[in-house]
Novice: 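I'd like to ask some things about the structure below.
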Amino acid sequence: MSYDYDLLVIGAGSGGLAAAKQAGNYGAKVGIIEEDRVGGTCAVRGCIPKKLLLYASGFSHLYKDAVGYGWEAAKPNFNWPTLAENVDRQISHLSQLQIDALEKAGAELIRGKAAFVDAHTLAVGDRQLSADRILIATGSKPKLPDLPGIEHAISSNKIFTLPAQPKRMAIVGGGYIGVEFAGIFNGLGSEVIQLVRGDNILRGFDEEIRTHLHDAMVDRGITILTDTETKGLEKTADGTRIFLKGENAPESITVDTVVLFATGRNPNIDDLALEKASVETDSGAVVVNEWSQTNQSHIYAVGDAVDRVNLTPVAIEAGRAFVDTVFGNTPRQVNYTNIPTAVFSQPETGTVGLTEAEAKEEIGEENVKVYRSTFGPLFYSLTEFEEKTLMKLVVDGQSDRILGVHMVGKDAAEIIQSVAIAMNMGATKQDFDKTMALHPSTAEEFVTMT
Ligand code: NDP
């Protein structure tokens, strides 16, 4: 049977683009279907614009910190529309680079929204396209709870294109996005109130990391209301009123306009008509095996659509591993062990491996050794502002293997990325100790802990 394409990819985000380019480079006839800007959540309304906003918000502190280093105090003025416009221009540039890379790899970009007609055919507008293999890489979309007045809230999709900077805003959710945007808008000068239903931010992270970061965020001026449920929203003459429930929470608060709900994401697969191809799903996500293969052996899925580890590098790696296996004659699977992750909070959080609690659960409390260091970084020795860095190693006391590395402080993401290599090589605490310190640095703490 002959098909229009060797591979049709649904979704030009991180996973889909990586797969389409790689398959094209292997000589396959590839089509990639996208209804929105090319780049996906990470490049268009996630990691990349978020990190640019993060850089922007960091300047407010640097202006103040500079005074201790002999610079005259400056009264800087921040202009939100300039930032929003510059960020948008950069996204367009990155999107165009991806389009160029697709063209170079010989992959055809097909504009529109795809839905299955049958197991080998997709409808895109009024076209029907068939393929030998199909990759679902449609990502995820924000999940907002069904509350009265929820239409007055926004998700992170809209945060980059706000017409004006909020003066006083609320953020519902204490996960990655909530914590990151609380820091960003606080740094830009907005008053931020974060509403967290649990007893602390970042559920699932190491307890000490959560507490250290929470306290640091509060010290930087963010109001965090924990054990606080959001009951509903109402538009008022002067903004949006948010009704709350919780022992320590006021009955309601009012913010000027922006209520950001960062309450998780769902796989973006509802409109794919997967039932027409009899593709199995579970809890709203595509079910795949370790080869990213669905129950239909020629249909694959990667990235947030499978809701496994929802991080960009994981989607990219899964897309490439699928293509290497199927089109490159090099079968390989994704390595899911010791995936490092960072929350671009202020201060930054980085982590890889097990938390202290997970390690104790896994190998027994008596076998876990914990090393930690809390210190004031050299940078803050001349500034008025002070902030402590926390670094922590979780070690198997029997084998001496490093099980987890956690950090809150400047450059945590950069440092944890390198540490993750050592962990994947099976590094022991002794290996860390045998490594010469690089002085003066923050990272040296990891090789000098006693
Ligand atoms: P998360 O799952 O990280 O956090 C969701 C937060 O919302 C949690 O605090 C959760 O509370 C809370 N929540 C969920 N439902 C409700 C509700 N009905 N009412 C009030 N609070 C609620 O999701 P995010 O949206 O922050 O981010 C989505 C995903 O995107 C992340 O999990 C991550 O995979 C990815 N991401 C990664 C980034 C990075 O790598 N730096 C940056 C941004 C996103 P509870 O803990 O009690 O469930």
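Just so you know, these numbers come straight off a predicted model, no measurement behind them. Indexing begins at 1, ligand by ligand and atom by atom, following the structure's order.
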Novice: Would you please name every residue forming a side chain to side chain donor-acceptor pair (under 3.5 Å) with Glu348, sequence neighbours left out?
Specialist: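 By the side chain to side chain donor-acceptor pair (under 3.5 Å) rule, Glu348 matches no residue at all.
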Novice: Between Gln194 and Leu225 (side chain of the first, backbone of the second, donor and acceptor by atom type, cut-off under 3.5 Å), is there such a pair?
Specialist: no
Novice: Establish, yes or no, whether the cationic atom of Arg308 lies under 6.0 Å from the six-membered ring centre of Tyr336 and within 45° of the ring axis.
Specialist: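 Yes - Arg308 lies over the ring of Tyr336, closer than 6.0 Å to its centre and within 45° of its axis.
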Novice: In chain order, what residues pass the side chain to side chain contact (heavy atoms under 4.5 Å, CB included) check against Asp271, with sequence neighbours excluded?
Specialist: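 With neighbours one apart ignored, the set is Lys113.
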Novice: For a quick check: using heavy atoms under 4.0 Å, what are the residues in contact with ligand 1, sorted by chain and number?
Specialist: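 Residue list for ligand 1: Lys50, Pro145, Val172, Gly173, Gly174, Gly175, Tyr176, Ile177, Glu180, Arg197, Arg203, Ala262, Thr263, Gly264, Arg265, Asn310, Leu311, Ala342, Phe344.
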Novice: Compile the donor-acceptor pairs under 3.5 Å between side chains in residues 148-156 and protein atoms, sequence neighbours left out, one pair per line.
Specialist:
{"residue": "Ser155", "atom": "OG", "partner": "Asn157", "partner atom": "N", "Å": "3.2"}

Novice: Would you call the rings of Phe322 and Tyr300 parallel, tilted or perpendicular, taking 30° and 60° as the class edges?
Specialist: tilted
